[in-house]
Amino acid sequence: MPKQPIQLSDHFTYSRLVRFVLPCIGTMLFTSIYGIVDGLCVSNFVGKTAFAAVNLIMPLPMLIGTIGFMLGTGGSAIVGITLGEGNNKKADEFFSLFLIAALVAGIVFTAIGLLIIEPVAALLGAKGEMLDYALRYGRILLISLPTFILQNMFQSFFVTAEKPHLGFAFTVGAGCTNMVLDVVLVGALHWGVEGAAIATFISQIVGGLLPVFYFVNRNNTSRLHLSKTKFNRRVLMNACVNGSSELMTNLSMSLVNILYNYQLLRFAGENGVAAYGVIMYASFLFVAVFVGYAVGSAPIISYHYGARNRKEVHNLYSMSFRLIGVVAVFLTIGCMFVIPYVAGIFVGYDAELLVLTTRAFRLYGLSFLIMGFNVYASSFFTALGDGVTSALISFLRTLLFQVAAVLVLPTLWGIDGIWLAITAAELAALAVSVYMFVTKDKKFHYRHAE
């Protein structure tokens, strides 16, 4: 007998919770995998200078693309609470408003990005051949920003629509498109960094534009549909404030990546930037598990909070900590074993770079023991509609603590201090997350069943 579909209104056991969030984790993992293929093709077919250039300029389009995460997570929390209150029509109107806002923002920021990319690349330290590679790659990705923003936004809304499997299917389609085109355009046709950027652009059309046609169809079986809407400044602002933690997380990651690259150019030159690029690609696989769980479970929390079901919110809160703790241990141990092989796939052609990358990732990987709890803390408060608390955790974790660590620790331990900065920042953020969980319970009542 086939299993019944899982709905947001259900009572969740460990089994049902894992089944519900697995497609979202799969979405994040697959997104990471096809991003890795992008880097692999550039590194092995174009060379380490091009690979370093791609990783140097990548934070700019990623930084602007965070608007999609903000509207996705902040907006889906509002839509989820509205669904929990039983107002489906208003939920559709809000969903449509957020989609239009994302599209308009993408077009505006594409124009701005194209104007500033060259001075930004030069400011980041790109010169000569590296600057040329960075501009050729970055300009194409900036043109694709509207579809990239929509793709990021739909990651959250497919879960809220109770269609996480369909969201995963779109991601698989986008990923396969990107990977096949990477091999063809970069490997077979030798189009260089432009080929990698074009492959990414086309894949974002699959992941960001095609879902629009699904939600336009009024006969689809999801909880959400695109409908007529009107400008609602208050709701849009609430979504931006509520999703500001995810905006801050991704914005900070881009800014911190810039700082990491700057420090590594000082301490290790081009090899340092290339090693960090490998770490970023490989770490996406580990971070994706935590982010996928947070994104997948957040709409459930929003729904039950909107329905005033405190007992179920407590149930989700308790189960999540146990699951994250177990997964964190396994991922950290696994990281220590697999990194030499992963590094070898990327930079096995350069013995010195391979040694540097392997040691660096083993130090960096210690952060996986702690990271999941902080990712969940930020997502949890977003789901409850407390964007300020969520943003504070994200700001301290991903920006303030990391900037302080990456500036101070290298003066004590040299280049090892750069690789350990992420763990130091996560430890400091964990203290903040624990404090917020304890103090905010007075308002939201999630630590005890009622």
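Predicted model, so just to flag it, every value in this text is computed and none were measured. For reference, positions follow the sequence shown, starting with 1.
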For the side chain of [X] and the backbone of [Y], is there at least one donor-acceptor N/O pair under 3.5 Å apart?
| X | Y | result |
| --- | --- | --- |
| N271 | L353 | no |
| T357 | L354 | no |
| Q263 | V406 | yes |
| S318 | N315 | no |
| T411 | V408 | yes |

- Do NZ/NE/NH1/NH2 and the carboxylate oxygens of R359 and D416 come within less than 4.0 Å?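 D416 and R359: salt-bridged.
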- Message: Here's a test for you: under ring-ring contact (aromatic ring centres under 6.0 Å, His included), which of F158, F154, F157 qualifies with F170?
- Response: F158
Looking at residues at least two apart in the chain, or sitting in another chain, which of them share a side chain to side chain contact (heavy atoms under 4.5 Å, CB included) with [X]?
| X | value |
| --- | --- |
| N238 | I78, R234 |
| L369 | V329, T332 |
| L400 | F395, L396 |

- Message: Before you tell me yes or no, could you show the steps for S390 and T382 under side-chain hydrogen bond (donor to acceptor under 3.5 Å, both in side chains), namely the whole-Å CA-CA distance, both residues' side-chain angles and the distance that decides it to 0.1 Å?
- Response: CA-CA 6 Å; S390 181; T382 296; 2.7 Å; yes
Which pair of heavy atoms, one from [X] and one from [Y], lies closest together, and at what distance?
| X | Y | result |
| --- | --- | --- |
| A134 | I57 | O-CG2, 3.7 Å |
| A268 | I415 | CB-CD1, 3.7 Å |
| E312 | F12 | OE2-N, 2.9 Å |

- With sequence neighbours excluded, give me every salt bridge (Lys or Arg N to Asp or Glu O under 4.0 Å) pair touching residues 191-208.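 Applying salt bridge (Lys or Arg N to Asp or Glu O under 4.0 Å) to every pair that reaches into residues 191-208, excluding sequence neighbours, yields R136-E194.
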- Query: Tell me, which pairs form a salt bridge (Lys or Arg N to Asp or Glu O under 4.0 Å) where one or both residues lie in residues 317-334, sequence neighbours left out?
  - Reply: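 Sorted result for residues 317-334: empty, none.
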- Query: CE of M336: more than 12 outside heavy atoms within 6.0 angstrom?
  - Reply: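 Yes, enclosed.
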- Flag if over 12 foreign heavy atoms under 6.0 Å of CZ, F321: yes
- Checking ring-ring contact (aromatic ring centres under 6.0 Å, His included) for the pair F381/F437: CA distance, chi angles, key distance, verdict? CA-CA 9 Å; F381 287 111; F437 274 127; 5.4 Å; yes
- Listed once per pair and sorted, the side chain to side chain donor-acceptor pair (under 3.5 Å) pairs that draw on residues 361-377, sequence neighbours left out: S320-Y376, N374-E426, N374-S433
- Query: Below 6.0 angstrom between ring centroids: does that apply to Y446 and Y305?
  - Reply: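 No, the ring centres sit 6.0 Å or more apart.
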